[in-house]
Amino acid sequence: MSLTTSRPGSSIGALALDVDDLHLAYNVRGIPRPVLRGVSFHIEPGEAYGLVGESGCGKSTTAYAALRYMPRNGIITGGTIKVDGDDITSMNRSQLREFRVHKASMVYQDPGSALNPTIKIGKQLIESFTVLGQSGTEAEKSALEALRKVQIADPARVMGRYPHQLSGGMLQRVVIAMALACDPKLLVLDEPTTGLDATVEAEVLDLVRTLRNETGAAILLIAHNLGVIRSMCDRVGVMYAGKIVEEGEAQEVFDSPKHPYTMGLLRSLPRGGMHKSQSALATIPGTLPVLGSDLPTCVYIDRCPLADDTCRTVVPPVVQVAPGHTARCHHIDKVSEIAAVVPSTLREAGTDTVLEITGVSKTFRQAGHDIPALVGVDLSLTDGETLGLVGESGSGKSTLAKAILGVHAPDAGSSLTLDQHQLASKINKRSADDKRAMQIIFQNPDSALNASWTVRNILLRSVRKLTGKDKEAANARVAALADHLRLSPRHLDMKPRQLSGGLKQRVAIARAFAGDPRIVVCDEPTSALDVSVQAAILNLLAELQSEQRTSYVFISHDLGVVRYLADRIAVMYLGRIMEVATTADIFEGPNHPYTEALLSAVPSVDGEPRVRIRLDGEIPSPANPPSGCVFHPRCHRFIEGVCDVTEPPIVEVVVGHSIRCHIPPDELQRLQALDA
Amino acid sequence: MSDTATPSAPNVLVASMAERKTARRERWHLLRKRPGFIIGVFICGFWTVCAVLGDRITPYDPFTDRDGLSCGRAPCPPSSAHWFGTDKIGRDILSRVMMGARDLLMVAPVAAVLSVIFGTILGMVMGYYRGLVDNVLSRIVEAFLALPVVMVGLFILTLSKDSAVLDAISFGSRNVIIIYVVALLFTPIVARTVRSTVLGERDLDYVVSARLRGESSLFIMTREILPNITAPIIVELTVRIGYSIFTVATLSLLGVGLQRPSPDWGLAIAEGRDLLPADQWWPVTFPALAIATLVVGVNLIADSIQAVYER
Amino acid sequence: MWRYVVKRVLFSLVTLWLLATIVFLMTWFLPSDSARLILGAQAPEASVAEFRIRNGLNDSFLTQYFRLMKGLITFDFGQSWKYPQYEVWEYLRTPLAKTAKIAVLALIITTPISIGAGLIAAKFRDRKTDRAIVLFGLAASSIPEFVTCALLMVGLGLKLGWLEPVYSTEAEKLSLFGQLRFLLIPALALALAYFGYIARMMRAGTIQALDSDYVRTASMKGLSGSQVMRSHVLRNAIAPTITVMSVQVGYLISGILGVEYIYNYPGFSRVLLDAATDGDLPVLQVAVLISALIYMVATLFADLFIAWLNPRARLELGSS
C-alpha cells in the first residue's frame with residue numbers, strides 16, 4: 001500500500017469501516033486461543049452501528065481491532081479490516097500511526113484511567129492537535145474550541161486541571177473532545193457510559209448524538225446496555241462467542257428478533273413496566289462457551305431452546321430475514337414461539353411493619369470537616385416488602401444501608417426499630433437475634449466472598465454463627481440452602497474463584513439467608529452481572545422473598561430492575577429522601593423534579609419517546625450542601641426566592657406517596673403533563 | 001468486567017484454566033517452570049547440605065587440621081591437595097568454606113522467620129484497628145525504618161556484651177542474640193508491608209459480612225484476612241531471608257556477629273583481607289564467592305516466588 | 001502543595017524525636033560500662049567514679065534524656081568521652097566527608113546507567129537483553145556490597161592492577177582526580193548494589209506505564225513511540241524508582257560500613273566501630289542519628305519530588 005491512499009479524504013464513498021471475516025486469537029502460553037471467529041460487518045459513512053452481547057463475546061476486542069489495537073498477545077489470524085477504504089491489517093507502523101492521527105479515534109470505558117494522571121488536561125488535549133501538525137498556539141486555540149464543542153462551560157479552567165480533579169462525566173467529555181480533534185471518519189466508543197450515573201450517561205449520549213450530526217463521523221458503539229444501543233444506533237450486530245449471530249436495523253432487531261440468543265437477551269430484561277407480581281423473567285440456561293474453546297456447529301447450541309438434530313449436524317447459514325436483517329440460525333421462523341410470559345406465583349407484601357427508621361442521620365468526619373452523608377431519613381418496611389432505593393452515586397444509598405445494618409453507626413438521635421424494639425446503633429452492640437435478622441448481599445461477589453474459603457465453609461460458618469446450630473444440624477442446613485439456591489454439592493467444595501459470577505452471587509445470597517433473616521439489604525446485587533444471569537438472580541430473590549416473607553432494601557441504579565422488583569421506591573439525593581411512593585405511583589407521577597429527571601434519563605430498549613430533562617451541573621459536595629432545597633441548583637422547576645431560601649416541606653400526594661418539594665403536587669402534575 | 005477492555009481478556013482464559021487445579025498446585029507448577037527458581041533451589045540446597053553435614057563431608061577438619069602448613073609458609077595457594085588453598089594458620093579453605101554455611105544458615109533464616117511473625121502480628125493490628133493505635137505505631141515503625149540495620153546491630157551487639165538479662169534470654173549463645181537483634185530490626189519493615197496489605201483488605205465486603213454475623217476482631221484478623229494475605233507475607237519472608245543473610249554476614253565482617261572459631265564467611269573475609277596486599281587472594285576470594293552464590297540463590301527463589309504470587 | 005510540604009516536614013520532626021528516644025532507650029538499657037571501657041581495666045576506682053560524675057553517667061534517666069534532647073535542638077552534643085579534646089560533631093565531620101565522597105561517586109556512576117538499563121529492559125521486555133539486565137540486576141543487588149568490594153579488590157586491584165587493591169593514606173596527598181584510583185573500588189561496589197535496585201524498579205515502573213490505559217490513549221492518538229515515551233511514560237515510571245532509591249539509602253549506609261571496613265577506608269565506619277568498642281556513647285548516638293537523618297532527608301526529598309511529579313500522590317499523601 002502506498003502512503004498516498006492513507007491521506008484523509010482520499011477515498012470518497014468508501015465504507016467507514018469494513019470488517020471482513022476477521023479472525024483474531026490471543027496467544028496464551030504459546031497456544032493461540034481464537035476470540036473472534038469470522039466477524040464480518042460494515043459501517044456506512046456517517047452511520048452509527050452498535051455491537052451488543054454479554055461479557056466475553058468479543059465485542060470490545062472487535063472495537064479495538066477496528067483501530068488495530070490488540071493486547072501484546074493478540075494476533076489477527078485472518079480476514080481484513082478496512083477503514084475508509086484502507087486495509088489497516090497490512091499497514092506498517094508509520095502508516096498505522098498516520099491512520100490513527102487522521103482517520104479514526106476512540107472513546108474508552110473508563111475515562112479516569114484513559115487520561116494521564118500526571119499531566120494537565122490542557123496539555124493532553126493540545127497534544128491531539130499538535131500531532132495533526134498544528135503549532136503550539138494554534139493547538140491551544142483548537143483545544144479551547146474543542147472543549148466548548150463538548151459543552152464544557154469553562155474551558156480555560158478545565159485546561160488547567162488534572163484528571164483527578166474532574167468528575168467522570170467531565171472526563172468523558174474531554175476524551176470525546178480528544179477523539180474528535182482530527183475530525184475522524186470513524187469514531188469507536190467502547191462502553192462510553194458504563195460506570196456513569198444515568199443522568200450523566202444521558203448527557204454524554206446526547207452530546208455524542210449532537211456531535212455526530214455536526215461532524216458526520218461514522219460510529220461504532222459497544223455497549224452491554226441494550227437501551228443505549230437502541231437510542232443511539234442505526235444498525236446493530238448481536239455478538240455471541242466471537243461471531244455476529246444477528247444483524248439488522250436496531251429498531252427491527254429489538255422489536256422482532258430472529259435469533260434465539262437475541263430473543264433470550266431481550267426477554268431476560270425487565271422492560272415495559274414489567275413487575276414481579278405479573279411475570280417472572282425469562283432466563284438463558286447454561287453459560288457462554290469458554291473463550292478459545294472448540295465450537296460446535298452453532299455457537300449457541302448448548303443454550304438454545306430450539307436446538308434440534310439439524311443444528312447439531314449442519315452449520316447454520318446466514319439467513320436473510322428482511323432486507324438488511326440477517327440471522328445465523330436454522331429456525332428463524334420458530335423464534336417467536338419461545339414463550340413470552342412466565343407466569344408469576346408470588347405472594348404480595350404484607351402489612352406488618354418490620355423496620356421503622358426515623359430521623360436517621362450519619363455524619364462523617366474527614367480532615368476536620370463534618371460531612372453529613374445522611375440527613376433525617378424516615379422510612380419503614382413491612383414484611384415481604386421490597387423497598388427500592390434509587391439516586392445518583394453519592395446520594396447516600398449505600399450509607400443508609402450500612403447505617404441500618406449498623407456497619408456505620410448512625411448519629412445520636414437516630415432511631416431504628418425492628419419488630420417494635422429499639423436497635424442498638426452499632427453492630428457489635430446488637431443482640432444475636434438482631435444480627436441474625438439483618439443481612440446484606442453485595443454488588444461484587446468477588447470481594448464479598450472470602451477467596452480463601454470453600455463455599456461450604458462460607459455457608460457453614462454463617463449458619464453456625466447466626467443460628468447457633470451444632471455442626472451436624474448446620475451441615476444439614478447448608479445442604480438444604482445449597483439445594484434451594486440450585487448450587488450443586490460439587491460447588492460446595494470449590495473456592496469462589498472457581499465459580500462464575502452468577503454462581504458466586506448465589507453463594508452470597510445463600511449466606512445472607514443462612515439465618516432466616518427478616519431483612520436483607522441488596523446493594524446493587526446484579527449490576528456486575530450479565531443480563532441473562534441478572535434475570536435468574538432477580539427471579540431467585542423474588543421467590544425467596546415470597547417463601548420466607550423477607551423484606552428487601554433494594555439499592556440499584558437500574559430503574560428497570562427496581563421497577564420490576566420493588567413494591568415501593570424511595571428516591572434519594574444528597575443524603576435525603578426526596579420522594580417515596582409505591583412503584584406504580586412513582587412511575588405514574590406526579591413526581592419530585594429530581595425523580596422526573598432520573599426517570600427521563602433512562603434509555604429504553606423499547607424505544608419509548610421521552611422528553612429528556614437535563615440536570616445542570618454536578619451533584620454538590622455533601623460537605624457544604626446548597627441552601628434551602630438541596631436540589632435547587634440543578635432543578636428545572638426552580639423558583640427563585642423560595643427554593644434557595646427555605647427547606648421544602650414534605651407533602652403527601654396520596655397516602656404513602658410523599659414529595660419533598662415547594663411546588664404543590666397538582667401543580668407538579670400539571671407541569672409534568674404539559675411537558676410530556 | 002472481563003470483556004470491557006481487550007488487554008484483560010486473556011485473564012479470562014487463565015482464570016478458567018486455573019479452575020482445574022487448586023491455586024497452590026498451579027503456583028508450584030509455575031514455579032517449577034522457572035529456571036531461576038530451579039537454579040536458586042539447587043544453590044541453596046547445596047549450601048544446606050554443606051551446613052547440615054559439615055565436617056562429615058569436608059576433605060579436612062575445618063577447625064584443627066594444620067596440614068596446610070606443609071607447603072612451608074601458610075597461607076598456601078590453591079593446589080591439588082588444597083583446592084582453595086589454606087588460611088594463614090594452615091587450615092584448608094575449602095573445608096572451612098563448606099562448613100561456613102552452618103552458623104549463617106542457622107541464624108539468618110530464623111531471624112527472618114521471627115521478624116515475619118512479629119511483623120505480621122504488628123502489621124495486622126495496625127492495619128485492622130487503624131485510628132490512634134495505628135497512628136502511634138506507624139510513627140514508631142517509621143522511626144525504626146530510618147535506622148540503618150547494620151549500624152544499630154553494631155550498636156546493640158557491642159554494648160550488650162556483658163548483659164545478664166540478655167545472657168538469660170539467649171541461653172548464653174551469641175548466635176541467639178544476633179537472631180534477636182536482626183529480628184527486632186526487620187520487624188518494623190515487615191509490619192509496614194503487612195499493614196498496607198491489611199488496609200487493602202479490611203474494607204472489603206467479606207470483612208463487613210463477617211462483622212455482620214458477629215465475628216470477633218481476632219477471628220476476622222486471623223481467619224478471614226490472614227489467609228488472603230499469605231502471598232505477600234511469603235514473598236516478604238523470602239526477601240527478608242536474603243536481607244538477613246546480608247546483615248548477619250556484614251555484622252560478622254565487622255567483628256560483632258558470629259565469632260571465632262566459626263568458619264563463617266564474613267569472618268573469613270575480614271581475616272583474609274590483611275593478606276591481600278601480599279598478593280594472597282584466595283583466603284578472601286573463596287568465602288566471598290560463597291556468600292555471593294548463596295545470596296544470589298536465595299534471591300532467585302525470592303524473585304520467582306514474587307513473580308508467581310503477584311501474577 | 002505547600003500544605004503538603006509543611007505537613008510532611010512536621011511528620012519528619014516527630015519521627016526524628018522518636019528516633020532519638022529509641023536510641024536513648026537503647027543506650028540506657030544496654031549494660032555497657034563506658035567508664036571502664038574507656039579508662040581501661042587497670043584504672044583506679046576513683047578515676048572511674050570521677051569519669052562517671054564528669055560525664056553525667058550517674059544522673060537520673062530523665063536528666064540524661066533531656067540532655068540528649070537539648071543537644072539535638074541546639075546541635076551541641078558535647079565532647080567525645082574517649083577524646084575529650086574533640087566536640088562530637090567535629091570528631092565525626094572529617095570521616096563523614098570521606099564517606100560522602102565515595103557515596104556521591106557511587107550515585108554519579110550508577111544513576112544514569114541503571115535508569116538507562118531499566119528503560120532498555122522495559123523496551124525489550126521478555127527478550128534476551130531484558131533477561132540479561134534483570135538477572136544481572138538481581139545478582140548485583142543481592143550480593144552484599146562488601147563481598148562485591150572484596151571481589152573487586154582481588155579482580156580489579158590485585159589481578160588486573162587497574163585500581164588500588166586496598167586504601168592507603170597516600171591517597172590524601174593526591175588531587176581529587178588522583179584519588180580516584182583509591183575511591184573507585186568501594187564506589188563501584190556500592191554502585192553495583194544500587195544498580196540492581198534502580199534498574200529493576202525502573203523496568204517495572206516503565207512496563208506498568210506502558211501497559212496503562214493512558215499510554216493506550218496516547219498511542220491511539222497517533223503519537224510515535226518516542227513521543228509516548230517522553231511525554232507519557234517517563235514521568236510516571238520514574239516515581240517508584242525515586243521511592244526505591246530513597247528507601248535503599250538505609251541499606252546503602254549499612255553497605256558502606258562493610259565496604260569501608262574491608263577496603264580499610266578511614267571513613268565513618270572506622271569511627272563508628274571505635275566508638276562502639278570503646279563505649280563512646282555521645283559519638284555513637286550522634287552517628288546513628290546522623291545516619292537516620294540522612295535516610296529521612298532522602299525519603300523526604302523523594303516524597304516531595306513525587307508529589308511534584310504526580311498531583312494525585314500529593315492528594316493521597318496529604319490526607320494521610
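Chain letters run A, B, ... following the sequence lines, proteins first, then strands; residues in each count from 1.
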Between chain C and each of B:Trp265, B:Trp281, B:Tyr243, count heavy-atom pairs under 4.5 Å; write down the option with the most.
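Ranked by contacts with chain C, first place is B:Tyr243.
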
Contact leader toward chain C among B:Ile245, B:Leu254, B:Thr285, where contacts are heavy-atom pairs under 4.5 Å
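Option with the greatest count: B:Leu254.
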
Side-chain contact, heavy-atom cut-off 4.5 Å: [X] with [Y]?
X	Y	result
B:Val284	C:Met153	no
C:Leu135	B:Leu300	yes
C:Thr299	B:Glu142	no
C:Glu145	B:Phe246	yes

Of the backbone (N, CA, C, O) and the side chain (C-beta and beyond), which part of [X] lies under 4.5 Å from a heavy atom of chain B, both, or neither?
X	answer
C:Leu289	neither
C:Ile22	side chain
C:Val288	both
C:Leu281	side chain

Drop me the distance from C:Leu19's CG to B:Leu147's CG, to the nearest 0.5 angstrom.
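Going from CG on C:Leu19 over to CG on B:Leu147, the span is 5.0 Å.
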
Using modelled atom types only, decide if a donor and an acceptor are shared between the side chain of B:Arg273 and the backbone of C:Tyr261 within a distance under 3.5 Å.
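Yes; judged by distance alone, with no hydrogens or angles, the pair exists.
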
What are the two closest non-hydrogen atoms of C:Thr27 and B:Phe155, and how far apart are they?
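Smallest interatomic distance, heavy atoms only, reads CG2-CZ, 3.2 Å.
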
